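Here's the structure we're looking at; comments come further down.
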Amino acid sequence: MEKIVPFKNEAEAIASLDNGGRFYNVFTKAGDNIITPQEVGKVAGVFFQPQQTILFLELAISLLSETEKTNLRSKFDPALKEAYDKFRPSEIKVPSAHLHELVGTNVVISGVPALTESTTKLNGFILVPAGKAFTMIPIIERYDLYEIRNQQEDELFIIAHKKGKEKLPQQSIRIGGVVKEVKTKKEENASTNRFLEINYYVVEN
């Protein structure tokens, strides 16, 4: 989970993103008015992770006007355009009636997160890699859990980020992440709940 400071304008975004990529990206060039996934990945600090790259990009350009965003997208190379169309996050409200349709996809949600110590809010198991297979562990062993409520404060959604990371600020933020599932029991056919695994956030003014 990483805090993002969004670009203030189109010029700042282009100057940062049109960077030529890393030294081994021999087919990218800084300042050529073409923005590639490798160049965005360099700013995002990720390697070969198009889904996370696009999530970073969408939050990083969130302050730009629609005209500026359109101009910026016109500089995407074909690979970045394809990744953007595939992984562009959905903006969801709390709660969302269609979360089951969004499992595995990028989403953005806004609100004030509240750290919860309760294990009853989302008590279940997640799949984690274990060599060439997967094993199921309790979600609370891997994540710190937060509640984020709607404006009426009568509905909530659980967001999570890996333990050991800096705690989320107790103020209004925009959170970008991936919708995932947690099983209520260690059984393949057990019922499931959904939560948002955080990748990035932006502090809202």
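Residue indices begin at 1 and follow the sequence shown. Being a predicted model, the structure only gives us computed values, none of them experimental.
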When hydrophobic residues are tied together by side-chain contacts of less than 4.5 Å, even through go-betweens, does [X] share a cluster with [Y]?
| X | Y | answer |
| --- | --- | --- |
| Ile159 | Val178 | no |
| Val107 | Ile54 | no |
| Val108 | Leu57 | yes |
| Ile4 | Val112 | no |
| Val202 | Ile175 | no |

Below 4.5 Å, heavy atoms only, C-beta onward: do [X] and [Y] meet side chain to side chain?
| X | Y | answer |
| --- | --- | --- |
| Phe7 | Ile61 | yes |
| Asn199 | Glu2 | no |
| Phe195 | Glu197 | yes |
| Pro37 | Asp77 | yes |
| Gln52 | Phe87 | no |
| Ile35 | Val40 | yes |
| Tyr143 | Lys162 | yes |

Check against side-chain contact (heavy atoms from CB on, under 4.5 Å), Arg142 and Val128: CA-CA 9 Å; Arg142 178 61 62 93; Val128 296; 3.7 Å; yes

Output the distance between atom [atom1] ([X]) and atom [atom2] ([Y]), rounded to the nearest 0.5 Å.
| X | Y | atom1 | atom2 | value |
| --- | --- | --- | --- | --- |
| Lys42 | Ser16 | NZ | OG | 9.5 Å |
| Leu63 | Glu68 | CG | CD | 10.0 Å |
| Phe27 | Ile34 | CZ | CD1 | 13.5 Å |
| Leu72 | Ile14 | CG | CD1 | 6.0 Å |
| Lys93 | Ile109 | NZ | CD1 | 11.5 Å |
| Leu80 | Gln38 | CG | CD | 9.0 Å |

Counting distance only, does the side-chain N/O of [X] pair as donor-acceptor with the main-chain N or O of [Y] below 3.5 Å?
| X | Y | result |
| --- | --- | --- |
| Glu141 | Pro138 | no |
| Glu39 | Asn19 | yes |
| Tyr201 | Leu168 | no |
| Lys75 | Asn33 | no |

Search all heavy atoms of [X] against all heavy atoms of [Y] and return the closest pair with its distance.
| X | Y | value |
| --- | --- | --- |
| Gly41 | Thr53 | N-CG2, 4.0 Å |
| Ala130 | Thr135 | CB-CG2, 4.0 Å |
| Pro169 | Pro113 | O-CG, 3.5 Å |
| Met136 | Phe125 | CE-CB, 3.6 Å |
| Ala114 | Gln170 | CA-OE1, 3.5 Å |

The side-chain hydrogen bond (donor to acceptor under 3.5 Å, both in side chains) partners of Glu82 (sequence neighbours excluded) come to none

Give every residue pair that meets the salt bridge (Lys or Arg N to Asp or Glu O under 4.0 Å) criterion with at least one member in residues 7-36, sequence neighbours excluded. none

Residue pairs passing the ring pair (Phe, Tyr, Trp, His ring centres under 6.0 Å) test where at least one lies in residues 33-61, sequence neighbours excluded: Phe56-Tyr200

Looking at Tyr24, I want to see if its OH is surrounded by more than 12 non-hydrogen atoms of other residues, nucleotides or ligands under 6.0 Å. yes

Exceeds 12 heavy-atom contacts within 6.0 angstrom, atom CD of Gln171: yes

Can you tell me how the ring of Tyr146 sits relative to the ring of His161, calling it parallel under 30°, perpendicular over 60° and tilted otherwise? parallel

Among Arg174, Arg73, Arg88, Lys69, find the one that has a salt bridge (Lys or Arg N to Asp or Glu O under 4.0 Å) with Glu58. Arg88

Donor-acceptor side-chain pairing of Asn106 and Gln51 below 3.5 angstrom: yes

